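A, B, ... follow the sequence lines: proteins, then strands. Residue 1 opens every chain. The shown structure was predicted, so the numbers you read here are calculated from the model rather than taken from an experiment.
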Amino acid sequence: MRSLPIAIPLLALAAMLQAAVLTHVRFLGGGFDLVLVLVLAWNLVRRNIDGPLWALIGGLLADTLSGGPFGASTLGLTLLSLTISLTEGRFYQANMLVALLASLIGTIFYHLIYLSVLALAGRAVNLADALTLVTLPSTILNFLLMLPVYQAAKWLSWQIAPPPVK
Amino acid sequence: MRRFNIWSLLADRRGLAVTLVVLSIAVLVLGARGWLGPLEGTVLAPLIPAQTFITRIVGAVSNAFNAPSDLEALRARNAELEKQLADLAAENVQLQEARAQLAIVSALLDYASSSPERRYVTADVVSRDPSLFLRYVLLNKGSRDGLVRGMPVVTDKGLVGQITEVTPNASKVLLITDATSAVAVRLQTSRAEGMVTGQQSGELRLNFISVDVDLKPDEIILTSGLGGQFPTGLVVGRVVSTRKRTFDVFQEADVQSAIDFDQLETVLIITNFEPPQLGPLLGTPTPAP
């Protein structure tokens, strides 16, 4: 929980940058998702309790700035965090390759949940269009974004709680 | 017997994740019922000034970077605009004549239907929807400025969308390019009626135009006012290309709006548009034969 005072301003800044800046950067129909990648990276780096809380805060902030169903991003990110927590122990230590792979799978997973919520909320969702026009290009962009974000998350994690010297 | 302890559940990472997922579902349900509006407004209140600041900084930096490379394009554009100005000056003379005639017709129309003048509130776009699947913009004006849900949003180039959510100092606008947006329209020349819908790709498509209608590129599309969602006569866009198959009942067309939705900065909200109340009509009993 030590990262909580940092989580709120950092995720708020990420959400605002996402809404003001990154929405202008489009590759085909896809785009960067800074909040998703940041939450994903933090959950991989911090093998402790604050990962899910980052997911909750990031989701609520993204939902606040969005016109979609309130809670859609929150549910997507917390479910993603829960899924990562289930893999705990299977990887001895999260490394860059795991993070990059997680960015690909995480984007698809998150988008599928988000689209499901949109459909449940009564919006017409064309799954084929959404996955090919938005999700596919977004996985590539989030893959690229994960490179610096993961390093930054690792650095920040060390500043908050340096690993014990053996 | 071991007692259930909420704190030990929360201390476990997996337990916390499960709790938060349940909490997220609760948020989703409460949000769907509209009970989180005040909370959303409270969270949005401090974000709006920060978001406005970030948007201005980004705009300034973007302009600084783009200025030198745009110089050549600007010269060409200037020459093009000068030519347009000359054309418009000639057209202006004709329009002044037409306006004089229109004033007479308008006076007659006013006599028949006393439609009030539109009133506008200007607002700045402070952010776009962070979700890649949705096309909303966030405005820096809200209920304090007299905005309410359902008000049409326009620019000088045409229809932008409609307000879907309002907090005291902000409002969310569903753009006409969103995949769930549908606008009842009328073609300016043929007067045929149809529907312009948004696509996942952010493009606009004209549907439900009978194959008998002679639909041509560059035809202007206006709101028809049917359904009471928007006032009549707002420019939606123009026809770019058409698709017609003989065995189909309807033809469709790609539509281009004059608005660059990715570069929206300032919009106008029509504050005195009142959608017709159809509720009482629905309860009207059918007369006996």
Practice item. Tell me, with the steps shown, if B:K157 and B:D260 meet salt bridge (Lys or Arg N to Asp or Glu O under 4.0 Å). Key: CA-CA 9 Å; B:K157 292 176 180 170; B:D260 183 353; over 6 Å; no
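In this structure, the side chains of B:F250 and B:N207 stay at 4.5 Å or more apart for every pair of heavy atoms. Counting heavy atoms from C-beta on, the side chains of B:Q162 and B:Q229 come closer than 4.5 Å.
Residues of residues 130-142 of chain B that come within less than 4.5 angstrom of chain A, heavy atom to heavy atom, are B:P130, B:S131, B:L132, B:F133, B:L134, B:R135, B:Y136, B:L138 in numerical order. Residues of residues 169-183 of chain B having a heavy atom under 4.5 Å from any heavy atom of chain A, listed by number: B:K172, B:D178, B:T180.
Contacts between A:T64 and chain B at a heavy-atom distance below 4.5 Å involve backbone atoms as well as side-chain atoms. At a 4.5 Å heavy-atom cutoff, the contact between A:S138 and chain B is made by side-chain atoms alone. Neither the backbone nor the side chain of A:V35 comes within contact range of chain B; no heavy atoms are under 4.5 Å apart. Neither the backbone nor the side chain of A:L120 comes within contact range of chain B; no heavy atom of the residue lies under 4.5 Å from a heavy atom of that chain. Neither the backbone nor the side chain of A:L36 comes within less than 4.5 Å of any heavy atom in chain B. Neither the backbone nor the side chain of A:L77 comes within contact range of chain B; no heavy atoms are under 4.5 Å apart. Looking at B:I48, neither its backbone nor its side chain comes within 4.5 Å of chain A, counting heavy atoms on both sides. With a threshold of 4.5 angstrom between heavy atoms, A:L118 approaches chain B through side-chain atoms but not through N, CA, C or O. Proximity to chain B (any heavy atom under 4.5 Å) is shown, for A:L65, by both the backbone and the side chain. Using a 4.5 Å cut-off between heavy atoms, A:L22 makes no contact with chain B at all. Both the backbone and the side chain of A:A130 come within less than 4.5 Å of a heavy atom of chain B.
Counting heavy-atom pairs closer than 4.5 Å to chain A, the top-ranked of the candidates B:L47, B:T164, B:T55 is B:L47. Contact tally against chain B (heavy-atom pairs below 4.5 Å) for A:L115, A:V117, A:L17: the top residue is A:L115. Most heavy-atom pairs under 4.5 Å with chain A, from the set B:L23, B:D262, B:L28: that is B:L28.
No side-chain N or O of A:S103 forms a donor-acceptor pair with one of A:N142 less than 3.5 Å apart. Side-chain atoms of A:T23 and B:D129 form no donor-acceptor pair, as typed in the model, at a separation below 3.5 Å.
For the side-chain contact (heavy atoms from CB on, under 4.5 Å) test, residues two or more places apart in sequence or in another chain that qualify with A:L133 are A:D129, B:Q200, B:S201.
Listed by first and then second residue, the salt bridge (charged side-chain N to carboxylate O under 4.0 Å, His left out) pairs that reach into residues 77-87 of chain A come to none, sequence neighbours excluded.
Tested against A:V149 for a side-chain contact (heavy atoms from CB on, under 4.5 Å), the candidates A:L40, A:L38, A:V39 yield a single pass: A:L38.
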